[in-house]
Amino acid sequence: GAVVSQHPSWVICKSGTSVKIECRSLDFQATTMFWYRQFPKQSLMLMATSNEGSKATYEQGVEKDKFLINHASLTLSTLTVTSAHPEDSSFYICSARELGTTYNEQFFGPGTRLTVL
Amino acid sequence: DAKTTQPTSMDCAEGRAANLPCNHSTISGNEYVYWYRQIHSQGPQYIIHGLKNNETNEMASLIITEDRKSSTLILPHATLRDTAVYYCIVKGNEKLTFGTGTRLTIIP
């Protein structure tokens, strides 16, 4: 199946700094990429949907100025957590939907664990 | 999205078939049933999906009732590596929304 990678796999940062997470579709082109967040013992929560070359659509309650999403190419989307605080510590997961597929299968990355001290 | 209902947790003996039920009584005609699983600290993994016919692939089988109001995911010979949270999701063209899923534990 299609492979999605994320980098870094884990990151520890100080409060107030910004962190960028990359999501890449390795062997396919993705029209749409999604960013999820998962707190311990909870389910995945969709944060935003991004389409290549256009602005991301954020879910209700997600601050777009804090979670900056860029989807500049069909194989790369980035999520930047700006001025991170301890409550932003979470497991961030991206997924990608393949261009031209007849059904809406999404392929997920392995996730990035962010810890803000 | 149509809402789904799954048991919170299930156990299954290693080597036996694991049958995971899902109720989706409000599913509409153009919505598919998708199954994903998430092994601890990893991203979700696609398992299978279907519209109204039963489906089988190398990982699992999906049995959808004739009225489409429920479905069952079958892992034919469960192994310890199948221990995970299994999510049943109903969707059309919109975004994938995860519920709480079923935590399946395979017992040696």
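For the numbers below, each heavy atom of this structure counts, side chains included, while hydrogens, waters and symmetry mates do not. Keep in mind it's a predicted model, so treat the numbers as computed, not measured.
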> What part of Q45(B) is in contact with chain A, defined as an atom under 4.5 angstrom from a non-hydrogen atom: side chain, backbone, both or neither?
Replying inline: neither

> Do the rings of Y36(B) and Y34(B) sit parallel, tilted or perpendicular, given the 30° and 60° boundaries?
Replying inline: parallel

> For the residue pair F67(A) and Y92(A), does the interplanar ring angle fall in the parallel (under 30°), tilted (30 to 60°) or perpendicular (over 60°) class?
Replying inline: tilted

Give every donor-acceptor pair under 3.5 Å between a side-chain atom in residues 57-66 of chain B and any protein atom, sequence neighbours left out.
from: N57(B); atom 1: OD1; to: M59(B); atom 2: N; distance (Å): 2.8
from: N57(B); atom 1: OD1; to: A60(B); atom 2: N; distance (Å): 2.9
from: N57(B); atom 1: ND2; to: I47(B); atom 2: O; distance (Å): 2.7
from: S61(B); atom 1: OG; to: T56(B); atom 2: OG1; distance (Å): 3.0
from: T65(B); atom 1: OG1; to: D67(B); atom 2: OD1; distance (Å): 2.8
from: T65(B); atom 1: OG1; to: R68(B); atom 2: N; distance (Å): 3.4
from: T65(B); atom 1: OG1; to: K69(B); atom 2: N; distance (Å): 3.4
from: T65(B); atom 1: OG1; to: S70(B); atom 2: N; distance (Å): 3.3
from: T65(B); atom 1: OG1; to: S70(B); atom 2: O; distance (Å): 3.1

>> Run the salt bridge (Lys or Arg N to Asp or Glu O under 4.0 Å) test against E14(B) and tell me which residues pass, sequence neighbours left out.
In response: none

> T49(A), L44(A), T32(A), I93(A): which one forms the most heavy-atom pairs within less than 4.5 Å of chain B?
Replying inline: L44(A)

>> Can you tell me which of E59(A), Q42(A), M45(A) forms the most heavy-atom pairs within a distance under 4.5 Å of chain B?
In response: E59(A)

> With only heavy atoms counted, which part of L46(A) is less than 4.5 Å from chain B, the side chain, the backbone, both or neither?
Replying inline: side chain

> Tell me, side chain or backbone of Q38(A) under 4.5 Å from chain B's heavy atoms, or both, or neither?
Replying inline: side chain

> Do E22(A) and R24(A) meet the salt-bridge criterion of a basic N to acidic O distance under 4.0 Å?
Replying inline: yes

